[in-house]
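What follows is a set of notes on a single structure, which appears directly below.
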Amino acid sequence: MRSLSRAIQPLIREALQRAFPEAAGNTRDFKSLFDPSLAPASKPEFGDFQINCALTLAKALKRSPKAIAVAIVDQLNMNAEFLKICDQPEIAGPGFINLTVRADCLMDEFYARLEDPRLGVPLQKGGDIGHEPLVIVDFSSPNIAKEMHVGHLRSTIIGDSIARIFEFRGYHVLRLNHVGDWGTQFGMLITHLKEVAPQALETSAVFDLGDLVAFYRESKKRFDDDTSFQVKSRQEVVKLQSGDQIALKAWTLFCEQSRHEFQKIYDRLDISLTERGESFYNHYLGKVVEDLDASGLLVSDDGAKCVFLEDVVGKDGKPLPVIVQKTDGGFNYATTDLAAIRYRFTSSPKGDGASRVIYVTDSGQANHFMGVFQVASRAGWIPSGTRVEHVPFGLVLGEDGKKLKTRSGETVRLRDLLDEAVARAHSDLCTRLKEEGREEEDAFIQNVANTVGLGAVKYADLSQNRVTNYQFSFDKMLALQGNTAPYLLYALVRISGIARKGGDLSKSMDQCTFSEPQEWNLIRHLLKFDDVILEVEEELLPNRLCSYLFELSQIFNRFYDQLPVLKADQSFRDSRLRLCRLTADTLKLGLKLLGIATLERM
RNA sequence: GGGGCUGUAGCUCAGCUGGAUAGAGCGACGGUUUCCUAAACCGUAGGUCGUGGGUUCGAGUCCCGCCAGCCCCGCCA
């Protein structure tokens, strides 16, 4: 529909100009005053588009909205080019102009979609081939030596989907895993390691530390209980940061093992990431502080080096600081984030040369990013024409409305959460098979359970507007009806069923006949796919894509329920098969962009 | 105390640049299967969009006040 609305837009502008030549001539800002304000129709019965500007113009032109609408419509009716696209416009309500796209025009779009693997979504146009604009998506970001838990779920899933959409649009995308690999926690880990498994640091072979989480817990306990252990730990941090070989060896060991564990989760979720942890920016931290100082932004306060924020005041009415160097001389996460922003926007080879940098983290970090972005901007590290955005999301809550915890009150491990989703999908499927008297092979059952379980977790998260907290419920996400992954997957399975039962979906054909409203509803919805993708790219809200796909499934199910495909008369049968094909293609691509795998049977 | 986010049907949530009678899903109630997977479809009931002002031809949407909940607030990330 995007191409149609773009074609119509200038025609309306022309009509406005001809309808009100005196105003057009006198008005300096013709463009803003005569914005056609073309919008998708708010309801199906209003057609495909609506022009809302007659109401807005009433005051400026000192005429009634209806009279203005009539004048616009008269002009449109005289324009042959416009009438090639739309039926005669209708005026409704206080002065809305409703446009309905001609059936033959919709059909042309429909045929074009059938042949277009991109389903109408344009490639972005910036840069030459091989030098497309770079979009950095910073997401997931677990901490080394800790396990991925439910807190990493949303960032990982939402970030991946956003990255997929940019990739599909033809951007060069860098999916960065900004892992926590340089915190003070390494002091205690290394100290503990030296005591319990010194041999790990002496051999050159890979040493298996076993359960890293348990190891972390033991270290933490000792750190909390034993003051001499604390002293040693602090010394280890200093050693590590000054490049001590043994400390580095230990650090590498921890990182590698963690990496291995993270990768298992990413493989399961089919998510790819490039690891570039905090340690990567170490060499740049000193320079960040130096340059902030040189540009006059840096202020020493109680021994800490800070940049005071503009327009953000604290309790005492004084501006809030962003601390970039602690009293003890150490750097902190604001320093790292500043170094990262700077590196990411600096052009190659000294940096990434990004045009857009997106941070997918929980909304609790909103203040932090606001401060960091402001400092980076004032330091001149965010080039004009680029964008840096925090994409915040809410907490994952349990069904009691409180932060999700296990029954014993512990953080939910991501691994366990995924296992449970798959296990539940598995048992649901087995129950169903029994009820229906179906026999299926184990591999089939495993695959369906896995796809449905993981898809359900992802979809449940993505289908919610990310800014609000999100109530996690296995029962709801795995439900067979409603706005869930299984519902969407099932629509696709129905189409595969038609193909299996003898419907040739691949046949090319440019003479379709449609007569039923269920068919036209489906066609109209299918043609909106391109608009939705571009909207998600702009707003970074994958839930819009989910809503679209859910509606598509609903409309398809209505069509499927009310009209026969295989048993229809030949002329309708082939047309309906084409419609099924485009529906399947759209669902598949949409789900792929959400990172959700699909099934032929379930 | 300051800042951010949120408040829409019994529950979980949509609601795009302000537009026509505020939408889904679940749950409730009623119906549909000689037919491509009924994991579906159709129908009924359910609303003072937290609250009070303001801007506007028009406000769930924008602005201000208030109430409630969650999160953050100088040397953790």
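Only a predicted model underlies this, so the values are computations on that prediction, with no experimental measurement involved. Below, read A as the first sequence line, B as the second, and so on, with proteins coming before strands; counting in each chain starts at 1.
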**Message:** Going by the glycosidic torsion and a 90 degree boundary from 0, is the base of B/G15 oriented syn or anti?
**Reply:** anti
**Item:** Side chain A/Lys567, main chain A/Arg573, donor-acceptor under 3.5 Å
**Value:** no
**Message:** Categorize A/Leu563 for me: base, sugar-phosphate, or nothing, with a 4.0 angstrom heavy-atom threshold over every strand shown.
**Reply:** base
**Asked** Do A/Phe139 and A/Tyr359 have their ring centres less than 6.0 Å from each other?
**Response** no
**Cation-pi geometry met for A/Arg601 and A/Phe444 (6.0 Å, 45°)** = yes
**Stacking of A/Phe96 on B/G19 base (centres under 5.5 Å, planes under 30°)** = no
**Asked** Which nucleotide sits closest to the side chain of A/Asp561: B/A77, B/A14, B/A40?
**Response** B/A40
**Under 3.5 Å donor-acceptor pair, A/Ser37 side-chain atoms to B/G19 base atoms** = no
**Prompt:** Can you check the A/Lys43 NZ to B/G23 P distance for me, whole Å?
**Reply:** 5 Å
**Prompt:** Is any side-chain N or O of A/Ser363 under 3.5 Å from a base N or O of B/C5, one able to act as donor and the other as acceptor?
**Reply:** no
**Item:** Minimum-distance nucleotide to A/Gln471 side chain [options: B/U56, B/U12, B/A20]
**Value:** B/U12
**Prompt:** Measuring from A/Asn98:CG to A/Asn52:CG, what's the distance to the nearest 0.5 Å?
**Reply:** 9.0 Å
**Message:** Stacking between A/Tyr560 and B/A40, defined as ring centres under 5.5 angstrom apart with planes under 30°, is that present or not?
**Reply:** no
**Atom pair distance, as rounded to whole Å: CD in A/Gln554 and C1' in B/G25** = 8 Å
**Request:** Assign each of A/Phe308 and A/Ser547 to its nearest nucleotide of RNA chain B by heavy atoms, then name whichever residue's nucleotide is nearer the 5' end.
**Result:** A/Ser547
**Asked** Who is the Watson-Crick or G-U wobble partner of B/A24, with both distances under 3.5 Å?
**Response** B/U12
**Request:** Give a yes or no on whether a donor-acceptor pair under 3.5 Å exists between the nucleobase atoms of B/A77, that is its base, and the side chain of A/Asp181.
**Result:** no
